[in-house]
Amino acid sequence: MTEGTAAPGALRGARIMVIDDDRTAQRVVDGMLRAAGYGPPRLHGSAAAALEDLEVWRPDLLLLDLHMPDEDGFALLRRLRAAPRTADLPILVQTGSTRPEDRDRAFALGATDFVSKPFSAVELAARVRIHLENRRLITTLSEQTERIRADLALAQEMQGALLPTPALLETIRGRYGVSVHHHFAPSDELGGDLWGVYPIDDARFAFYAVDFAGHGLSAALNTFRIHTLFETLDLSSADPTVHMTALNEALSGLLPPGQYATIFLGVFDVGADVVRYAAAGCPEPFIGRRGDLRFRRCVVRGAPLGFGRGKTYEAQEAPFPAGAFFFAYSDALPESEDDYGAMLDDDGVEDLLRAALAAQMIEPERTALDLILERFFEHARQPLGDDLTAIWLSRPDGPG
Amino acid sequence: MSGELHYEADSRDGAREVFVSGKLSIRDAAGFEALLQDVRQAEAQRYVLDLSRLEHMDSAGLGKLILLRDAARDRGLEIALRGPQGRVKRLLDLSRFEDEIPILDA
């Protein structure tokens, strides 16, 4: 057999089925395939027998003669293409006919390729090899795609596990009287947003929300990095500027160039009724009181984590008394566009918040976060182009 | 919205002025790559990136400016930003970007 047409090692075990009512023709094809290095093909003289065998023996390639006694080869071709199991099977049609319309019709019905009898051993081997190789590549590719999909699903699950558990949020509510409502939706399978809460003592807990630039795999890997850093961070000083500096020093050594994170890091103190915080480049969270349309923006000016070592962060403080709320969100909220390409922008987020607080006076059973997101999704073009995280912390109204 | 990132450049007296327009964001890889090459090949001592016509920049865009800064540093090139407007200006301000690259008024 000529170099280039013989079966390469990987294809020698390929299963080939031949359907031809002419015994002599069967024997010729059988001999050609064996000579090319393939194992013995399955030979059938009728469509009925072949169809029965196809149920149990799954060929990698079918050689089909168009002129059969019991069923017209064209009809069989149509049937095979309609059946899910053989819809993608390479089918090499062979015929004694040289009429172009037969050829056209075979292709229209889904033939993969066409050979006219008589054909040489070299031609048959070359065509068989091409279609088996294609099939092998497609199978390998779809297996790889499936594996990547499974890996992504696993990574997504692992990333979900980084977020606070319902049990932890229940602890925050029980111990500090602070309710946490949250919304987290990555725009790809994996996102670059992360948030968390950590109890410090009976009056104080830390809250952080980070957003790594970009989304997808590289941003997601960074969320694992910062989660690990938080798990090992010494929060005993309860000083957000100290924690920020520690995070920046650690991350600046870990992150590849051009990658960084914006962050809000607050220590909520329900004994002193304040939140002390430091922030760097994140969208400005809002702090206010339920039922009061006057609220304030947090000061977030600061170098994002990962710009480089040696940065310092300013300490900020805001009141967080009974009845207070705190609302943080990622930049998907101000930056998502509506159908006309207009962004909500910072003022738009403020309007959303004001409308939600007003609506809550009429519908007190609904959470403000629900009301904000409901209005947001009415206008935002979906799917969103970036990860959306929104967190709402609130304290119940005090007595009286 | 015009979308992709474009730039026009003008060199004189050892300074290269580059006017960028469109969007500097996570989506546009090719436009940014061209700009990065421009920094790497610039025959100048001073490189001014004029942002006054930049319509939009997202957080990934800020990371890209850091890459431009690093590329400029590698070549001993003095780099500055000029004239950011609107939300671009605000993003730069919130992240104290003037500590990374000097920002000039328009």
Side-chain angles (χ1 to χ4, degrees), chain A residues 187-188 192-193 210-216 218-219 222 248 252 255-264 279-284 297-308 310-314 330-332 334-338 340-348 381 385-387, chain B residues 1-5 21-37 39-40 49 54-75 77 79 81 84-103:
Chain A
S187 61
D188 288 337
D193 287 5
V210 286
D211 181 354
F212 282 93
H215 42 86
S218 63
N222 290 333
N248 184 54
S252 292
L255 295 180
Q259 293 189 18
Y260 70 93
T262 63
I263 181 168
F264 178 93
C282 61
E284 298 160 305
R297 291 168 189 257
C298 294
V299 180
V300 300
R301 223 173 154 258
L305 305 179
F307 269 13
K311 309 286 184 198
T312 53
Y313 297 92
E314 288 168 30
S330 59
D331 49 15
E335 289 186 0
S336 291
E337 293 177 352
D338 63 16
Y340 304 99
M343 290 192 308
L344 203 53
D345 224 325
D346 297 329
D347 291 343
R381 189 168 56 210
D386 197 0
D387 310 327
Chain B
M1 296 251 179
S2 63
E4 294 188 357
L5 184 72
S21 56
K23 298 181 181 181
L24 184 58
S25 73
I26 190 162
R27 288 187 193 83
D28 190 338
F32 173 73
E33 200 51 43
L35 193 57
L36 195 57
Q37 280 307 320
V39 172
R40 288 182 179 140
L49 202 60
L54 189 64
E55 287 172 35
H56 173 71
M57 180 174 74
D58 66 3
S59 56
L62 215 55
K64 289 176 174 182
L65 288 181
I66 290 281
L67 291 177
L68 290 180
R69 177 200 66 181
D70 293 349
R73 265 187 198 164
D74 288 348
R75 301 203 55 225
L77 202 62
I79 188 169
L81 305 178
Q85 303 293 317
R87 195 168 173 79
V88 175
K89 180 177 178 157
R90 195 164 153 66
L91 260 176
L92 292 170
D93 182 51
L94 289 183
S95 54
R96 299 185 66 111
F97 211 79
E98 73 279 8
D99 294 346
E100 312 305 323
I101 306 179
I103 301 174

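Note on naming: letters A, B, ... go to the chains in the order of the sequence lines (proteins, then strands), and numbering restarts at 1 for each one.
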Leading residue by heavy atom contact count with chain B [cutoff under 4.5 Å; candidates A:Asp211, A:Asp346, A:Thr262, A:Asp386]: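 So the answer, after comparing A:Asp211, A:Asp346, A:Thr262, A:Asp386, is A:Asp346.
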
Relative to chain B, which of A:Arg301, A:Glu335, A:Glu284 shows the most heavy atom pairs under 4.5 Å?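 Max contact count across the listed options: A:Arg301.
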
Atom group of B:Leu65 that falls short of 4.5 Å from chain A, counting heavy atoms: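 Contact with chain A involves no heavy atom of B:Leu65 at all.
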
Contact part of B:Leu94 toward chain A, heavy-atom cut-off under 4.5 Å: side chain, backbone, both or neither?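 Backbone plus side chain of B:Leu94, per the 4.5 Å heavy-atom cut-off to chain A.
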
Checking side-chain contact (heavy atoms from CB on, under 4.5 Å) for the pair B:Leu54/B:Leu5: CA distance, chi angles, key distance, verdict? CA-CA 8 Å; B:Leu54 189 64; B:Leu5 184 72; 3.9 Å; yes

Any sub-3.5 Å donor-acceptor pair from [X]'s side-chain atoms to [Y]'s backbone N or O?
| X | Y | answer |
| --- | --- | --- |
| A:Asp338 | A:Arg381 | no |
| A:Asp345 | A:Asp347 | no |
| A:Tyr260 | A:Ser252 | no |

Taking side chain as everything from C-beta outward and backbone as N, CA, C, O, which of these in A:Phe307 sits under 4.5 Å from a heavy atom of chain B? Side chain, backbone, both or neither.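 When you check distances to chain B, atoms from both the backbone and side chain of A:Phe307 fall under 4.5 Å.
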
Are B:His56 and A:Met343 packed together at the side-chain level, in the sense that at least one heavy-atom pair is separated by less than 4.5 angstrom?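 B:His56 vs A:Met343: side chains touch.
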
When heavy-atom pairs shorter than 4.5 Å are enumerated against chain A, which of B:Asp70, B:Leu67, B:Asp93 gives the highest number?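 Max contact count across the listed options: B:Asp93.
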
